Trainee: 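Take a look at the following structure, please.
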Amino acid sequence: MEEINNFIKTIMEKDLKEGRVKSIVTRFPPEPNAYLHIGHARAIINDFELAKCFNGKTNLRFDDTNPVKEGEEYVNAIIEDIKWLGYTPDKICYGSDYFEKTYQKAILLIKKGLAYVDDLSAEEMSKYRGTLTEPGINSPYRDRTIEENLDLFARMRNGEFKDGEKTLRAKIDMAATNINMRDPVMYRIIHTAHHRTGTTWCIYPMYDFAHPLQDSFEGVTHSLCSIEFDNHRPLYDWFIEKCEMEHVPHQYEWGRLNITNTIMSKRYLRQLVDEHYVTGYDDPRMPTLVGLKRKGFTPEAIKAFILYTGLSRINSTTSADNLDFFLREDQKLKATRPSAIIDPLKVVITNYPSNQVEWIDAPLNMENEELGTRKVAFGKYLYIEKEDFVVEKPNKKWKRLAKDVEVRLMHAYFIKCNDVIYDENNEIVEIHCTYDPKTKCGLGFDERKPNGTIHFVEATTALNATFNLFNPLIEDATEETKELSFLERVNKNSWEVKHGFVESYLKDTKPLMHYQFVRNGYYTTDKLSTSDNLIFNRTCTLKSSFTVDNNKN
RNA sequence: UGGGAUAUAGCCAAGCGGUAAGGCACCAGAUUUUGAUUCUGGCAUUCACUGGUUCGAUCCCAGUUAUCCCAGCCA
């Protein structure tokens, strides 16, 4: 495993050395309302790996303080994803475990005159809050007596008020330049059953109030979150101090990680699923962990990607090349490498018997013979990749087949092209070659050097399978076509589902699948273990356009 | 136009007062039964800009510019 090294680690080392903390405790606090994606993986990996560096502990804590958005389905999915990444939380807990303790701390703040029950409606409160440039003004309910607040808050809990009728607010400073400090709401009334506490509660703490207390209750030392919470840190510290928390956790922020041409926002991922642009959260086109898993990613590849990509306070966008690299690196010695032909060109071996097919032993991975061998068919009729043939050798650097040129068919024989057959439109139909029996793989033939090596499949034994281009696993060999589409960023604010993934990806980036199947054949055989000789049909289906508006609300 | 954060190569990212690590991408060459892999070499006289402090500044200070975040009873 790579050595983790980033600014948070430096902070931890210093805190330990200077005695501010005795040991490291971190937590990964997802809200159970979405599937985890590669961005979460960064948080998970850092939370766990940083604690691990110092023999510390990491909790998984579900931040379930809003019953209208959350559910059990996500809890289980998140637990599974973390397990898949290879981590075991020290404890699995829930924000709702602390509802009573949190409630008591709210009472403490009321008693100290630092919290009050407000009757302002949401719209009124918004007006009273002021703007970025103008200070807010105090709520008319701000000066209720402690007794009245205590009574009202108890009645809020007892369900005497409707949703939105009252809130509990912290009494800080309506003129604060940091808007988060302008008497933030601590509790709101929600008469909705909670997935764990049922109808026990009808008031729920807000993130800003609940989170620091939860961290403190659990003994978290370093509460790591993304940079947009930077503005909340003063409030975090305020609640810790004013609630007289025994254990004092500290919040640190890091920048968010984006990946080029990848949607990472929960909201849009949900839209893609809900509106059936993809087949589900585990669609291989999704950046979710379950999606990446189906696409062929391994936890090791994801971890290496995250750790090598590093961490800073800058929001950054990493090229998808980076992610691909770590998958290739991870799969180099692990993957079996059978051949596949995407765009077939028929080859007839004129000097080979027409009713004969021979099977040649070939290693599954030339760089790792421990993976064993497979039988590769060779016969009179073959397919090669169209792009591996040109009639006339264009230059010295051309290392593939051309007329009157001899190449090696990987694991098989040297072949030489003698004739090119055209149809009435002057398109190449097939090419005629001869093979040299002396050059069979393994015989040690070295009298001539071929003009390169290309891969092939034997036509009569090959399976006509359709691949999901996004997925190294062969999904359905029997299915005739599969819709292929991809998300492309059209401009800063919108993305579209485009058809024709293959072409665009081929043009703009080194296509992972092209690389894996065509030239290298890195993929993990899973469902189709009986044959590794496959014809790749490329089928694109037009899909409607999907545009998202990045403007809030 | 209020407050906060950030600025090091095409993309990430180390460096924290002593003269710019590393990875991706890219380029050139060698090896090669995958134009892959592997190997070798190249890739910031300069750290957003302008001043200042200092023997010495990416690092400290001041100003400027650019980008991001904040006006949910979301997290």
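The chains referred to below are lettered A, B, ... by the order of the sequence lines, with proteins before strands, and numbering in each begins at 1. Side chains are part of it too, since the values below use all heavy atoms of this structure and drop only hydrogens, waters and symmetry mates. Keep in mind that what you see is a predicted model, and the values were worked out from it rather than measured.
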Trainee: Is any side-chain nitrogen or oxygen of A/T317 closer than 4.0 Å to OP1 or OP2 of B/C11?
Mentor: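 No.
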Trainee: Expressed in angstrom and rounded to an integer, what is the separation of A/F229 atom CZ from B/C70 atom P?
Mentor: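 It is 10 Å, rounded to the nearest whole Å.
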Trainee: Ignoring backbone atoms, test whether A/T65 places a side-chain nitrogen or oxygen under 4.0 Å from the OP1 or OP2 oxygen of B/A75.
Mentor: yes
Trainee: Does B/C74 have OP1 or OP2 sitting under 4.0 Å from an N or O in the side chain of A/R267?
Mentor: no
Trainee: Taking only the C1' atom of each, what is the distance from B/C26 to B/A9 in whole angstrom?
Mentor: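 It comes out at 12 Å once rounded to the nearest Å.
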Trainee: Can you tell me if A/K332 touches the phosphate of B/U38, counting only side-chain N or O atoms and a distance under 4.0 Å to OP1 or OP2?
Mentor: yes
Trainee: Please work out if A/G442 contacts a base, only the sugar-phosphate, or nothing of the nucleic acid, heavy-atom cut-off 4.0 Å.
Mentor: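 Result for A/G442 = base.
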Trainee: For B/U45 versus B/U33, give the span between their P atoms, rounded off to a whole number of Å.
Mentor: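 The same atom, P, in both gives a distance of 41 Å.
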Trainee: Could you check whether A/E228 pairs with A/R256 (Lys NZ or Arg NE/NH1/NH2 to Asp/Glu carboxylate O, under 4.0 Å)?
Mentor: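 Yes, charged N to carboxylate O under 4.0 Å.
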Trainee: For B/A7 and B/C47, measure between their P atoms and round to the nearest Å.
Mentor: 15 Å
Trainee: Among B/A71, B/U6, B/A75, find the nucleotide with the atom closest to the side chain of A/I179.
Mentor: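 Nearest to the side chain of A/I179 among the choices is B/A71.
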Trainee: Taking the side chain from A/N322 and the backbone from A/F305, do they hold a donor-acceptor pair closer than 3.5 Å?
Mentor: no
Trainee: Go ahead and name the base partner of B/G41; Watson-Crick or wobble counts if both distances stay under 3.5 Å, otherwise write none.
Mentor: B/C27
Trainee: How many angstroms lie between CG in A/D436 and CG in A/L443, if you round to the nearest 0.5 Å?
Mentor: 10.0 Å
Trainee: Looking at the side chain of A/Y207, which of B/A75, B/A7, B/G3 is the nearest nucleotide?
Mentor: B/A75
Trainee: Any N or O donor-acceptor pair linking the side chain of A/K449 to the base of B/U32 at under 3.5 Å?
Mentor: no
Trainee: Looking at B/G2, B/U33, B/U6, which one has an atom nearest to any side-chain atom of A/R408?
Mentor: B/U33
Trainee: Give a yes or no answer on whether the side chain of A/R400 reaches the backbone of A/I454 with a donor-acceptor pair at less than 3.5 Å.
Mentor: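 It does not hold such a pair.
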Trainee: Return the pairing partner of B/A14 with a 3.5 Å limit on both distances, Watson-Crick or G-U wobble; otherwise return none.
Mentor: none
Trainee: Side chain of A/E31: nearest nucleotide among B/G3, B/A75, B/A7?
Mentor: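 Nearest to the side chain of A/E31 among the choices is B/A75.
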Trainee: What nucleic acid atoms does A/N322 come within less than 4.0 Å of, heavy atoms only: base, sugar-phosphate, or nothing?
Mentor: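 Touches a base.
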Trainee: Heavy atoms only, 4.0 Å cut-off, all strands: where does A/M206 land among base, sugar-phosphate and nothing?
Mentor: sugar-phosphate
Trainee: Rounding to an integer number of Å, can you tell me how far A/Y308 OH sits from B/A25 P?
Mentor: 14 Å
Trainee: Which nucleotide, if any, forms a Watson-Crick or G-U wobble pair with B/G2, using both distances under 3.5 Å?
Mentor: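 Its partner is B/C70 (Watson-Crick or G-U wobble, both distances under 3.5 Å).
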Trainee: Watson-Crick or G-U wobble partner for B/A7, using a 3.5 Å limit on both distances?
Mentor: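 With both distances under 3.5 Å, B/A7 matches B/U65.
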Trainee: Keeping A/S265 on the side-chain end and A/R267 on the backbone end, is there a donor-acceptor pair under 3.5 Å?
Mentor: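 At least one qualifying donor-acceptor pair exists.
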Trainee: In whole Å, measure the gap between the C1' atoms of B/C16 and B/A21 for me.
Mentor: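 Here B/C16 and B/A21 have their C1' atoms 15 Å from each other.
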Trainee: Less than 3.5 Å between a donor and an acceptor, one on the side chain of A/R400 and one on the base of B/G35, is that the case here?
Mentor: yes
Trainee: Could you check A/F378 against A/F456 for side-chain contact (heavy atoms from CB on, under 4.5 Å), going step by step and ending with a plain yes or no?
Mentor: CA-CA 9 Å; A/F378 183 82; A/F456 74 101; 3.9 Å; yes
Trainee: Quick check against the 3.5 Å criterion: does A/R188 have a side-chain atom that pairs as donor or acceptor with the backbone of A/Y204?
Mentor: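 Yes; judged by distance alone, with no hydrogens or angles, the pair exists.
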Trainee: How many Å lie between CG on A/N66 and P on B/G72, as a whole number?
Mentor: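 Atom-to-atom, A/N66 to B/G72, this comes out as 16 Å.
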Trainee: How far, in whole Å, is B/U46 from B/U50 if one measures between their P atoms?
Mentor: 12 Å
Trainee: Where the side chain of A/F325 is concerned, which of B/A5, B/C68, B/C24 is the nearest nucleotide?
Mentor: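 Taking heavy atoms from C-beta onward, the closest nucleotide is B/C24.
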Trainee: Starting at the 5' end of RNA chain B, which residue's closest nucleotide do you reach first, A/H411 or A/G310?
Mentor: A/G310
Trainee: What form does the base of B/G72 take, syn (within 90° of 0) or anti?
Mentor: syn
Trainee: Distance criterion of 3.5 Å, no angle test: do you see the side chain of A/N178 paired donor-to-acceptor with the base of B/G2?
Mentor: no
Trainee: Any base atoms under 4.0 Å from A/L132, or only sugar-phosphate, or nothing? Heavy atoms, all strands.
Mentor: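 Counting heavy atoms under 4.0 Å across all strands, the contact made by A/L132 includes a base.
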Trainee: Does B/C12 have OP1 or OP2 sitting under 4.0 Å from an N or O in the side chain of A/S319?
Mentor: no
Trainee: Hey, is the side chain of A/R328 poking within less than 4.0 Å of OP1 or OP2 on B/A25, counting only N and O atoms?
Mentor: yes
Trainee: Does A/R313 have a side-chain nitrogen or oxygen under 4.0 Å from the phosphate oxygens OP1 or OP2 of B/G4?
Mentor: no
Trainee: Taking atom types as they are modelled, would you say the side chain of A/N180 forms a donor-acceptor pair with the base of B/C70 within the 3.5 Å cutoff?
Mentor: no
Trainee: Is A/R196 positioned over the aromatic face of A/Y94, cation under 6.0 angstrom from the ring centre and no more than 45 degrees off axis?
Mentor: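 A/R196 over A/Y94 ring: yes.
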Trainee: With P as the reference atom in both, quote the distance from B/U6 to B/G51 in angstrom, rounded to an integer.
Mentor: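 My reading of the P atoms in B/U6 and B/G51 gives 25 Å.
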Trainee: Between A/R188 and B/G72, is there a contact of a side-chain N or O with OP1 or OP2 at under 4.0 Å?
Mentor: no
Trainee: Taking the P atom in each of B/G41 and B/U58, what is the distance between them to the nearest angstrom?
Mentor: 28 Å
Trainee: Taking B/G56 as the reference, what is the distance to B/U19 when you measure between their P atoms (whole Å, please)?
Mentor: 16 Å
Trainee: Could you state the atom-to-atom distance from CD of A/E228 to P of B/G3 in whole Å?
Mentor: 22 Å
